[in-house]
Q: 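First the structure, then my questions, so here it is.
Below, all heavy atoms of this structure are taken into account, side chains as well, without hydrogens, waters or symmetry copies. Counting convention: from 1, in listed order, for ligands and their atoms alike.
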Amino acid sequence: LSGCGGGSDDSSADSDTLTIGFIQTGAESDWRKAHTVSVKEEAEKRGYNLKFADGQGKPENQIKAFSSFVVQRVDAIILAPIVETGWETALRKAKAAGIPVLILDRTVDVSDDSLFATYVGADTYQEGIQAAEWVVKETGGKANIVELQGTPGSSPAINRLKSFKSVIDQHPGLKIIDSQSGDFRRANGKQVMEAMLKKHGPENIDLVYAHNDDMALGAIQAIEEAGLKPAVYIKLISIDAVRAAFEAMVDGKLNCVVECNPLQGPLAFDLLEKILAGETVAKDNRVKDEVFEMAHAAEDIKTRAY
Ligand code: GZL
């Protein structure tokens, strides 16, 4: 790749290789691991020098990494923000330094969208709608629902809560009787589900809506340890469609998953190359999602790439 980038101090890359700073949320879920692989593999394939910063679930780590990439004058920054807020100052610094920023996966809440070059991700608002529409169909509009929320302040958790509720609220027989954060983590999902089973009594919970598969898999463990049959006694729907979720559907323990496609590397680098060549690109670019049900999981699992 020939480049007139701002250069980098990375001795391993020769001078005309472009250096991209990639700030990831952490490794909180199977989905996240697939997302990281997608970006790293694409950078490798296209000959970029990718500097990887793992946020380890802490927004302050991401802010620090972002500032250091600006100081290093990388040629571009890819940011997957743990939470939506707190990005204005950092983005202004990158803009002042002439470093384009691609927001990936989750969104940022800023007053001026010229502070970032473009956004690439899945439609996490629509995913909550798709989940709720399946719940209405599956329950005939009557069920007590408990909700396992993703990371507080993250755009997917905000979107999936709001959009799911917007459909559920149209059906008086559907009640969200509890909603807690499991931080997109399997262990937390299990703990929260154990507490909900104790608090409400299993007989008062008909269905679990989990903002991601990892928390649903934790909830499945809690339901089994309570001596109950997941997907039968208490139904479950979750979002992501990672391999472990397909395996749970094949095992008859999970009823439905809504995809959230993590294979965002190719589209991200297509857009980044246009931006680095000085072209303007659409501000908002989405990958496609599908809904998968238990009945077809044994077939569908053969087609899955993550
Ligand atoms: C959604 C993504 C979420 C996944 C979780 O776009 O940000 O973060 O749904 C992941 O599995 O941890």
Q: Between L276 and L18, is the side chain to side chain contact (heavy atoms under 4.5 Å, CB included) condition met? List the steps.
A: CA-CA 10 Å; L276 289 167; L18 292 183; 3.8 Å; yes

Q: Yes or no on side-chain hydrogen bond (donor to acceptor under 3.5 Å, both in side chains) for S179 and Q149, after CA distance, side-chain angles and deciding distance?
A: CA-CA 7 Å; S179 180; Q149 297 174 25; 2.7 Å; yes

Q: From the options D183, D240, D123, select the one whose nearest heavy atom is closest to atom 9 (O) of ligand 1.
A: D240

Q: Between V136 and L174, is the side chain to side chain contact (heavy atoms under 4.5 Å, CB included) condition met? List the steps.
A: CA-CA 8 Å; V136 171; L174 291 174; 3.8 Å; yes

Q: Is the Y209 ring parallel, tilted or perpendicular to the F164 ring (thresholds 30°, 60°)?
A: parallel

Q: Side chains of K45 and F269: closer than 4.5 Å at any heavy-atom pair?
A: no

Q: Between K190 and E225, does any NZ, NE, NH1 or NH2 come within less than 4.0 Å of an OD or OE carboxylate oxygen?
A: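 Salt bridge: yes.
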
Q: Quick one: does E127's side chain get under 4.5 Å of Y125's, heavy atoms only?
A: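 Side chain of E127 against side chain of Y125, heavy atoms only: no contact under 4.5 Å found.
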
Q: Suppose we measure from atom 12 (O) of ligand 1 to each protein heavy atom; which comes out shortest, and what is that distance?
A: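 The closest one turns out to be E28 OE2, 2.6 Å.
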
Q: Counting both backbone and side chain atoms, is some N or O of N212 under 3.5 Å from an N or O of ligand 1?
A: yes

Q: Report, in ascending order of atom number, the atoms of ligand 1 lying under 4.0 Å from any heavy atom of C260.
A: 1 (C), 6 (O)

Q: Can you check whether R32 has an N/O within less than 3.5 Å of an N/O in ligand 1?
A: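 In this structure, R32 places an N or O atom under 3.5 Å from an N or O of ligand 1.
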
Q: So which heavy atom in the protein is nearest atom 8 (O) of ligand 1, and how far is it from that ligand atom?
A: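 That would be R106 NH2, 2.8 Å.
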
Q: At a 4.0 Å cut-off, with the gap strictly under it, does some heavy atom of T124 reach an atom of ligand 1?
A: yes

Q: Could you check which of L104, I82, D105 puts a non-hydrogen atom nearest to atom 7 (O) of ligand 1?
A: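 Checking each option, the heavy atom nearest atom 7 (O) of ligand 1 is found in D105.
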
Q: Determine whether any heavy atom of R160 lies closer than 4.0 Å to an atom of ligand 1.
A: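 Under 4.0 Å: yes for R160.
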
Q: Give the atoms of ligand 1, by number and element, whose distance to some non-hydrogen atom of S29 is under 4.0 Å.
A: 5 (C), 10 (C), 11 (O), 12 (O)

